[in-house]
Amino acid sequence: MATTTDATDAGATDAPGYEQARDELIDVVRRLEAGGTTLEESLALWERGEELAKVCRRWLDGARARLDAALAQEEAEGEAPEAE
């Protein structure tokens with residue numbers, strides 16, 4: 001579940017959450033693959049898909065950074081000498 005902090009970490013507070021962006025991107029791709037749209041509509045869908053892909057990438061990059069930080073902290077704690 002996305003929190004306000006997660007949205008800020010993703011790069012924009014008004015951007016959709018990961019799941020919402022992913023689901024809309026899937027819908028955009030389906031509509032493009034189905035055809036039957038005008039060139040203008042197809043271009044608008046393509047542009048929206050690019051925006052949504054960037055939102056998803058920011059969320060995934062943020063998640064990767066958080067995981068890397070957690071793993072680094074765990075590793076550092078494992079290597080630290082224990083206090084007696």
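Source: prediction; values computed, not measured.
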Colleague: Measure the spacing between CD of E51 and SG of C56 and express it to the nearest 0.5 Å.
Modeller: 12.0 Å
Colleague: Which heavy atom of V55 sits nearest a heavy atom of A21, and at what distance?
Modeller: CG1-CB, 3.8 Å
Colleague: Quick one: side chain to side chain donor-acceptor pair (under 3.5 Å) partners of Q73, sequence neighbours excluded?
Modeller: E77
Colleague: Can you name the closest pair of heavy atoms from L32 and S42 and give their distance?
Modeller: CD2-O, 3.6 Å
Colleague: What's the spacing between L25 CG and E50 CD if we round to 0.5 Å?
Modeller: 9.0 Å
Colleague: Calculate, to the nearest 0.5 Å, the distance between atoms CG and CZ belonging to L67 and R64 respectively.
Modeller: 7.0 Å
Colleague: Measure the CG-OH distance between D23 and Y18 for me, rounded to the nearest 0.5 Å.
Modeller: 9.0 Å
Colleague: Is it true that L52 and I26 fall in one hydrophobic cluster, defined by side-chain heavy atoms closer than 4.5 Å?
Modeller: no
Colleague: For atom CZ of R31, decide whether the heavy atoms of other residues, nucleotides or ligands shown that lie under 6.0 angstrom number more than 12.
Modeller: no
Colleague: I need the minimum non-hydrogen distance between V28 and L45, along with the two atoms involved.
Modeller: CG1-O, 3.2 Å
Colleague: Output the distance between atom CG (L43) and atom CD (E41), rounded to the nearest 0.5 Å.
Modeller: 10.5 Å
Colleague: On a heavy-atom basis, which atom in P16 and which in W59 lie closest, and how many Å separate them?
Modeller: O-NE1, 3.1 Å
Colleague: Could R48 and E24 be called an ion pair, given the rule that one side-chain N must be under 4.0 Å from one carboxylate O?
Modeller: yes
